[in-house]
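Read the structure below first, then the notes.
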Amino acid sequence: MNSMIITDAKYEYDPSYGHKLCIKATIDGQEMSVPLDPANRHYAEILKQVAAGTLTIQEAT
Amino acid sequence: MSKQTELVGLARTTNLDEVNAAYSAGALSNRNLIINGGFDVWQRGISFVSDGYTADRFTSQASATIARVTDSPSGFKYSAKVSGWDGVSGYQINQRIENNGQFYAGQKLTISCWVKGDSPFMLGNLGTLYALGLNVAVSSSTNNYQVTTSWTRYAVTTTLADVDYNLMTSLMSYPVGNFTQSTMASTNTLYVTGFQIEVGDTATPFEHRSHGQELALCQRFYYRRTYESYAYQYVNNGRVTGQYGTTNRSLVETFFQFPVTMRSSSTISYSSANSFRINNDFADETASGISSGISSPDSQVVLFTKPSTNLNGGSMVYVNRQNLAASCWIAFDAEL
């Protein structure tokens with residue numbers, strides 16, 4: 001499968017406890033919430049693109 | 001030998017013969033390593049033009065149109081119809097098989113599928129297997145085959161190459177692909193179903209599992225909740241997040257229990273936030289956002305946000321399908 005087109009990646013935090021919960025991003029045109037699990041294919045691809053310098057994950061505003 | 005012992009021996013022989021005959025006829029279960037090989041489960045929809053996952057567990061590439069159709073060989077309800085690939089990059093349908101330690105070097109696997117075309121052309125490479133994670137081809141033999149306008153079953157046996165399968169994340173397999181020696185044109189149409197990979201050197205008849213079994217196998221990787229077209233369908237209940245009602249009074253936590261344990265924590269996608277409606281204390285409001293809460297392979301917290309901050313902390317809330325929403329669904333993706 002071709003690599004995913006990922007834009008608007010942003011961390012989301014647990015509203016009660018404040019720790020990072022997931023990354024919200026638009027992946028291949030679809031808004032998604034991605035868990036911070038290396039076994040998850042979307043998270044693995046995000047890590048790959050961040051390592052390659054082609055994607056930056058924004059902090060929540 | 002007493003007559004009784006003789007009769008028991010005869011009965012055992014007969015039973016073994018029956019078991020062998022049943023095996024030869026393909027009656028033994030759970031031998032197909034492919035999930036949804038008969039293209040019966042399509043949780044995401046039944047027609048696609050974009051690349052990526054289409055029928056459950058299968059991906060399609062090269063901007064082809066792939067759709068569920070009832071043109072199928074005897075014994076099958078559906079096939080996948082493929083047309084209009086871009087003619088530039090190689091076309092393929094593939095399935096990634098989860099690696100649970102079941103593969104080893106020297107293992108014989110037999111790969112089979114039913115295919116037909118709108119005209120005769122060559123396809124390949126049935127039998128190609130690719131080890132993701134290692135990123136190497138691991139099949140010893142592949143098969144280019146002549147597609148005809150009649151449904152035909154093709155099969156090839158291959159031997160897995162000598163690599164460390166513990167390092168493989170998944171095994172990629174292809175029922176159809178226009179790799180080497182293909183003469184498939186971008187204007188050609190093909191149909192495929194009955195994809196099977198089994199241990200051994202013999203192609204046994206396709207293993208038909210019940211729809212419930214096949215759906216459950218698919219839901220380990222993808223689970224989609226679709227809410228039907230009538231108004232205000234109940235989606236889930238939850239509670240207002242926050243401490244003593246002083247914070248996050250626009251946020252609702254809902255809990256989704258999966259029907260089967262998923263492969264990993266899942267990515268959430270959904271129709272659109274405004275296709276959901278939040279109801280609490282007789283005040284209805286359209287959801288303005290959806291995001292993932294705590295996730296595990298067994299369950300998932302989904303957070304719905306609404307524009308105003310007038311919810312009471314800790315109180316029960318209902319999430320419904322928005323009236324007149326064109327579609328309303330939420331999906332959990334743990335695909336490979």
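The chains referred to below are lettered A, B, ... by the order of the sequence lines, with proteins before strands, and numbering in each begins at 1. Heavy atoms only: backbone and side chains are in, while hydrogens, waters and symmetry mates are out.
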What side-chain donor-acceptor pairs closer than 3.5 Å can you find for residues 45-53 of chain A, not counting sequence neighbours?
| from | atom 1 | to | atom 2 | distance (Å) |
| --- | --- | --- | --- | --- |
| A/Glu45 | OE2 | A/Gln49 | NE2 | 2.8 |
| A/Gln49 | NE2 | A/Met4 | O | 2.8 |

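Neither the backbone nor the side chain of B/Thr169 has a heavy atom closer than 4.5 Å to any heavy atom of chain A. Looking at B/Ser291, both its backbone and its side chain come within 4.5 Å of chain A, counting heavy atoms on both sides.
There is a side-chain donor-acceptor pair under 3.5 Å between B/Thr267 and A/Asn40.
With rounding to the nearest 0.5 Å, the separation of OG in B/Ser264 from NE2 in A/His42 is 10.0 Å. The line from CG of B/Leu303 to CG of A/Leu21 is 7.0 Å long, rounded to the nearest 0.5 Å.
When atom types are taken as modelled, the side chain of A/Lys24 and the backbone of B/Ile290 share a donor-acceptor pair closer than 3.5 angstrom.
Every residue was checked against the salt bridge (charged side-chain N to carboxylate O under 4.0 Å, His left out) condition with B/Arg263, not counting sequence neighbours, and none meets it. By the side-chain contact (heavy atoms from CB on, under 4.5 Å) test, B/Ala67 pairs with B/Ser47, sequence neighbours left out.
Residue A/Ile5 qualifies as open at atom CD1: its count of foreign heavy atoms under 6.0 Å is 12 or below.
Residues A/Arg41 and B/Leu336 form no side-chain contact, since every pair of their non-hydrogen atoms from C-beta on lies 4.5 Å or further apart.
Of all residues in residues 29-37 of chain A, those placing a non-hydrogen atom less than 4.5 angstrom from a non-hydrogen atom of chain B are A/Gln30, A/Glu31, A/Met32, A/Ser33, A/Val34, A/Pro35, A/Asp37.
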